[in-house]
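Values in this document were obtained by computation on a predicted structure and should not be read as measured data. For reference, positions follow the sequence shown, starting with 1.
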Amino acid sequence: ALPQVGVSKADVIYEIVAEGGITRMMAVFQDLEGVGDLACIRSARDYYVSLAYGHDAIFIHAGGSPQAYSFLTGKKMSYLDFVNGPYGNMCWRDPNRRKSAGLEHSLFTSSEKVLEQLPEKFSREHSDGFQVGWTFDREAPSGGQKAVKLTVPFSSYKTGYFTYDADTRRYLIEQYINKKDILYVDGADGSQVSVSNVLVLYTDVNRIKGDDKGRMEVRTTGSGDGLLFRDGQRYEITWQRDSETDCYSFLDAAGAPIPLAVGPSYINVVSLDAQVTWE
């Protein structure tokens, strides 16, 4: 599937484990204008859909699990399904990706195609009024501990690395996938993806009992422990999400919203026993 395309333009990227220890990313864009190509578009899982619902997002995907479709239809979400929907003109199969990575990793779309053909009712439903509810501040809060390298193991297959670059005040992203170290780059221009905030949210992650595909269930509501990394500092936080119509809230030790750095964020949702380390 690598390199993914368009990810350096995302405002937020969520990464969560899927079947077989492989992870998937969900990129959230406040505005698609000028983003360009996006790839590769994959199938939905219910926990990604739930998080998108909290962002009041229009969810773009290509097929999905039964649980994902149940959420999409049950909540009457706005979604563009490139497999089981009437949106085939918004996407295409890249011939080079089909040859090198296979059919499932070849599906592209673009901001231009989506914005040109977006159903008018979606535009009306998502035009204004939404607030993410997060706090931002250019100055780092007090109480942080120095931490310039973060290691986030999702499974035996995938580990994420985040290294702080003081010159840009951003975290450069690398990946360890299937015993290979790989820079996380945007296939649009080859640039390494970087973010201003890295969050780690601990939660219940389990395989769905009786599911023959090995699908996972991930708790995205309630509360739990977490970590925030910004400006080369580590903060212990609590995450909270009261309902599926909400975004995550990130709280400090006193229970007040902790400010994120101005810029994009990468949110790692991991199991309670994930051996996350930093230095």
Side-chain angles (χ1 to χ4, degrees), residues 4-16 25-36 38 51-52 54-58 111 126-152 160-175 183-186 188-189 191-201 220 225-241 246-270 276 278-279:
Q4 296 165 343
V5 178
V7 285
S8 66
K9 304 288 183 63
D11 293 290
V12 183
I13 297 177
Y14 289 92
E15 183 172 10
I16 315 174
M25 289 77 165
M26 181 178 76
V28 182
F29 299 85
Q30 180 173 302
D31 186 356
L32 275 182
E33 191 71 42
V35 169
L38 296 160
L51 293 172
H55 280 276
D56 192 35
I58 300 168
S111 59
H126 302 270
S127 59
D128 55 24
F130 173 77
Q131 295 291 325
V132 72
W134 297 346
T135 300
F136 295 87
D137 197 322
R138 295 188 184 280
E139 297 299 321
S142 61
Q145 301 293 320
K146 186 176 181 180
V148 296
K149 180 71 179 287
L150 170 66
T151 301
V152 183
Y161 298 116
F162 303 84
T163 304
Y164 183 66
D165 177 55
D167 292 335
T168 61
R169 298 180 67 180
R170 286 198 172 200
Y171 293 84
L172 300 170
I173 306 175
E174 300 175 61
Q175 304 184 94
L183 294 181
Y184 186 45
V185 301
D186 190 328
D189 59 10
S191 62
Q192 187 173 5
V193 181
S194 64
V195 293
S196 301
N197 305 284
V198 182
L199 293 112
V200 178
L201 309 183
T220 62
D225 294 330
L227 300 166
L228 165 65
F229 294 80
R230 57 160 294 178
D231 297 295
Q233 300 287 311
R234 173 182 62 87
Y235 300 86
E236 295 187 5
I237 64 169
T238 299
W239 65 264
Q240 184 172 322
R241 187 173 182 237
D246 299 319
C247 284
Y248 283 121
S249 294
F250 311 120
L251 309 175
D252 62 19
I258 190 167
L260 305 180
V262 176
S265 299
Y266 200 106
I267 302 176
N268 304 272
V269 180
V270 301
V276 177
W278 53 87
E279 57 189 67

Handout entry: Value rounded to 0.5 Å, distance of OH in Tyr184 from CE in Met25
Key = 4.0 Å
Exercise for the section: With side-chain contact (heavy atoms from CB on, under 4.5 Å) as the test, would you mind laying out the steps for Val195 and Ile13 before giving the verdict? Expected result: CA-CA 9 Å; Val195 293; Ile13 297 177; 5.6 Å; no
Exercise for the section: Return the orientation label for the His55 and Phe130 ring planes: parallel under 30°, perpendicular over 60°, tilted otherwise. Expected result: tilted
Exercise for the section: Decide yes or no on side-chain hydrogen bond (donor to acceptor under 3.5 Å, both in side chains) for Gln233 and Tyr164, but give the supporting numbers first. Expected result: CA-CA 9 Å; Gln233 300 287 311; Tyr164 183 66; over 6 Å; no
Practice task
Kindly give the heavy-atom pair with the smallest separation between Leu38 and Gly6, and that separation in Å.
Solution key: CD2-CA, 4.0 Å
Practice task
Mind checking the CG-OG spacing from Leu260 to Ser265? Nearest 0.5 Å is all I need.
Solution key: 5.0 Å
Fill in the blank from the handout: Closest non-hydrogen atoms of Thr163 and Lys149, given as atom of the first, atom of the second and distance, are OG1-CD, 3.0 Å
Handout entry: Note, Asp186 side chain near Val5 side chain (heavy atom, < 4.5 Å)
Key = yes
Handout entry: Leu201 vs Phe250 side-chain heavy atoms within contact, under 4.5 Å
Key = yes
Exercise for the section: Would you please indicate if the ring centroids of Phe162 and Tyr266 are separated by under 6.0 Å? Expected result: yes
Exercise for the section: Start with the C-alpha distance between Leu227 and Glu236, add both sets of side-chain angles, then the distance that settles side-chain contact (heavy atoms from CB on, under 4.5 Å), and finish with yes or no. Expected result: CA-CA 5 Å; Leu227 300 166; Glu236 295 187 5; 4.1 Å; yes
Handout entry: Donor-acceptor under 3.5 Å (Trp134 side chain, Tyr248 main chain)
Key = yes
Problem - Any side-chain heavy-atom pair of Val269 and Thr220 under 4.5 Å - result: no
Problem - Asp11 side chain near Val28 side chain, heavy-atom distance below 4.5 Å - result: no
Handout entry: Donor-acceptor under 3.5 Å (Thr238 side chain, Leu251 main chain)
Key = no
Problem - For Pro264 against Arg170, the heavy-atom pair lying closest together - result: CD-NH2, 3.2 Å
Handout entry: Heavy-atom closest pair, residues Arg169 and Asp231
Key = NH2-OD1, 2.6 Å
Practice task
Check whether any side-chain N or O of Ser111 sits under 3.5 Å from a backbone N or O of Gly36 as a donor-acceptor pair, and report yes or no.
Solution key: yes
Exercise for the section: Kindly assign one of parallel, tilted or perpendicular to the pair Tyr171 and Phe229, based on the angle between their ring planes and the thresholds 30° and 60°. Expected result: perpendicular
Problem - Donor-acceptor pair, side chain of Tyr235 and main chain of Pro141, under 3.5 angstrom - result: yes
Practice task
Output, in order, the C-alpha distance, side-chain angles, deciding distance and verdict of side-chain contact (heavy atoms from CB on, under 4.5 Å) for Val198 and Val152.
Solution key: CA-CA 11 Å; Val198 182; Val152 183; 5.6 Å; no
Exercise for the section: Could you give me the CA-CA distance, side-chain angles and deciding distance for Arg241 and Leu51, then say whether side-chain contact (heavy atoms from CB on, under 4.5 Å) is met? Expected result: CA-CA 10 Å; Arg241 187 173 182 237; Leu51 293 172; 3.9 Å; yes
Problem - Heavy atoms of other groups near Asp137 CG, more than 12 under 6.0 Å - result: yes
Practice task
Could you pull out the closest heavy-atom pair between Gln192 and Glu174, with the gap in Å?
Solution key: NE2-CG, 3.8 Å
Practice task
Evaluate the side-chain proximity of Leu199 to Ile237: yes if any heavy-atom separation is below 4.5 Å, no if none is.
Solution key: yes
Handout entry: CD (Gln30) with more than 12 external heavy atoms under 6.0 Å
Key = no
Practice task
Report the residue from Asp31, Val35, Val193, Leu32 that forms a side-chain contact (heavy atoms from CB on, under 4.5 Å) with Lys9.
Solution key: Val35
Handout entry: Any donor-acceptor pair under 3.5 Å from Asn197 side chain to Ala261 backbone
Key = yes
